[in-house]
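Worksheet for the structure shown next.
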There are 2 protein chains.
Amino acid sequence: MATIADVARAAGVSPSTVSYVLSGRRPISPATRARVERSIAAMGYRPHAGARALASRRSNVLALVAPLRTDINVPVIMRFVTSVVTTARSYDHDVLLLTKDEGADGLTRVAGGAMVDALIVMDIEADDARVPVLRGLRQPAVLIGLPDRPAGISCVDLDFAATGYTAVQHLAEHGHRAVALVGPPAGVYQRGTSYATRLRAGFDDAVAHLGLRRAARPCDPTFDGVAACIRQLEAELPETTAFVVHNELALAPVLEILRASGRRVPEDTSVVAICPEDVALGLPVRLTSIDIPAHDVGALAVEMAIHLLERRHGAQTRLLAPALTERDSCADRIG
Amino acid sequence: MATIADVARAAGVSPSTVSYVLSGRRPISPATRARVERSIAAMGYRPHAGARALASRRSNVLALVAPLRTDINVPVIMRFVTSVVTTARSYDHDVLLLTKDEGADGLTRVAGGAMVDALIVMDIEADDARVPVLRGLRQPAVLIGLPDRPAGISCVDLDFAATGYTAVQHLAEHGHRAVALVGPPAGVYQRGTSYATRLRAGFDDAVAHLGLRRAARPCDPTFDGVAACIRQLEAELPETTAFVVHNELALAPVLEILRASGRRVPEDTSVVAICPEDVALGLPVRLTSIDIPAHDVGALAVEMAIHLLERRHGAQTRLLAPALTERDSCADRIG
DNA sequence: TTGAAAGCGATACCAA
DNA sequence: TTGGTATCGCTTTCAA
């Protein structure tokens, strides 16, 4: 493989000049630049990433820790990952993918070995053991999610509390007085994954402030699981006229079960979903929904990481405001 | 950060001894080893990945190129990714994730810069422009999928031709004489993604050999898309009594549409799915299915890459035999 | 505007 | 069984 010295020789300049042509960190005369660039192209030269990382103390790689489980919410995860990878590339970084299962050790491994310049960590739990570890690292970190004590670490996420509030408010404005929440699977709550509890808190707040009645349950995203969930919700609150569904995989079964039991959406029962837009559009009824802006959140996470690296700012928390889109699953409650 | 020299000094040995303790590439006396390991632990020493890559000509990173689009087949992709990442870790490698959108340039970039020791590439098209590029790289590559001309490159995949054949054969054994194929979205065929055409070929082979009639169509995985697809299939072959569905996202709509039009599964209409096991189990009817063994394929791809690196063998193609699991969506055709 | 050379932090060869 | 050290390929400071 050609090295920087080979290129320099071929161009009749010193290695440092080649380096500066590549980095643009000092002015180069047009003539020299042209000769160097021609040699680079002719030899198909690529800087050795390891050598570069060693000398510059920058790997140009971001770590992304994703919950690679098959049991939940896969399409949304994939959207975050896609957004992070493509945005990272636009900042000249690559992405090293770790699973959440590696836990804190994985973080110290890739950070300690200087494999990565910064870390982006998804699926943050309320009392996440990884947060103190991240605080101790040399590299900056951005959390996608919100732990109980985010001090000193950057976070970015949808504002799930506002999302829960907004969903209920919308239903209240349509005259609904009794609303039921179909939540994520029980495991999500048990792990303390904070988006679930935050949404629930906003939901409860709105119910209280607006003087409604409510029922709320976690929900397994299988057909039987959804059926059981709805049965329990209606046993608890028989006058329910609207559902807030915060569980992407449960959406199709919810619609199917309502239909099978003779309740039309939206004429008899209203539904507000919290899910990505294309999911809301891909079901038999076009769902009124609050988007999970995975693309924006992922891109913002990368930008924050890059800015942290450039010391453009310190740790900060950014919660994106929810946006509700009215479609065909919500109607006025008559009478 | 502590370096190997710091550790050596603290342990009263030379840097090379520390290196050999870490790599196990030469015998070390128990006493020395203990002292070194104690220093390593005490100082929290981690070898610098870049320095190591520079000196050893090994990054211990695998590139994984995945189709990070949101429009198709997301959960299966995620399974491949998960399997590759976890298996790579078991061979002491990390995974750099690239999107298919980066194309051949992405491959030459990470390979040319020696960021990775080997590449694993998903979603291979019949005449994939990346294959000749991979052939020219210094690093070995493993394709998940099967191009038209795989010479010189390792491939691993489910045997989709055998899968299509098996699905039809199973239906024929149950007395079905007219079968319809609900395929992947048209885009998948247009891109020439080979699994789609290979399955289709096996499907057609079986139909011919067993003397059946058939219709086959691509299918958009939205509710409306599936409805249109089924309508067209039945217009083309009104006597259809069974569906082979090679489109994960279409499964729920297919069942719903059949049910809505008064056809019971399996009493009136049989369905064989090609999909991951948990998808087959998560629908209102437990589906008779042929598993897409994403976990096995991903793990095998990593193992092949590692063996290629160790020069344990040369390029080879491995197609995994399909396994059909009978569940509740297939019944004998009476009369 | 450019060059020379000192690191960066490992590995692995050559000696002992 | 261990040590010394050249080497990997680049960045960046210091000089010119």
Review point. Is the distance from OP1 or OP2 of dG3(C) to the nearest side-chain N or O of Ser14(A) less than 4.0 Å?
Key: yes

Point to revise | Gap between atoms CG and C1', on Leu54(A) and dG9(C) respectively (whole Å) | key: 5 Å

**Study point:** Pair Glu125(B) + Lys100(B): basic N to acidic O under 4.0 Å
**Key:** yes

Practice item. Using a cut-off of strictly less than 4.0 Å, decide whether Ser19(A) has a side-chain nitrogen or oxygen near OP1 or OP2 of dT11(D). Key: yes

Point to revise | Closest-nucleotide 5' rank along DNA chain C - winner of Ser23(B) and Ala51(B) | key: Ala51(B)

Check your understanding: Side chain of Pro47(A): nearest nucleotide among dT11(C), dT1(D), dC10(D)?
Key -> dC10(D)

Check your understanding: Is any side-chain nitrogen or oxygen of Arg57(B) closer than 4.0 Å to OP1 or OP2 of dC8(D)?
Key -> no

Review point. How is Arg46(B) classified with respect to the nucleic acid when contacts are heavy atoms under 4.0 Å: base, sugar-phosphate, or nothing?
Key: sugar-phosphate

Point to revise | Arg25(A), nearest nucleotide to its side chain (from dC8(C), dG3(D), dT12(D)) | key: dT12(D)

Point to revise | Side-chain N,O (Tyr45(A)) to OP1/OP2 (dC10(D)) below 4.0 Å | key: yes

Check your understanding: Side-chain donor or acceptor of Ser16(B) under 3.5 Å from a matching atom on the base of dG4(D)?
Key -> yes

Check your understanding: Looking only at N and O atoms, is any donor in the side chain of Arg26(B) or the base of dT1(D) less than 3.5 Å from an acceptor on the other one?
Key -> no

**Study point:** Whether Ser83(A) side chain and Ala299(A) backbone form a donor-acceptor pair below 3.5 Å
**Key:** yes

Check your understanding: So, the side chain of Arg135(B) versus the backbone of Ala151(B): is there a donor-acceptor pair under 3.5 Å, distance only?
Key -> yes

Review point. Can you find a side chain N or O atom of Thr17(B) that sits less than 4.0 Å from OP1 or OP2 on dG3(D)?
Key: yes

Review point. What is the distance, rounded to the nearest whole Å, between atom CZ of Arg33(A) and atom C1' of dT1(C)?
Key: 12 Å

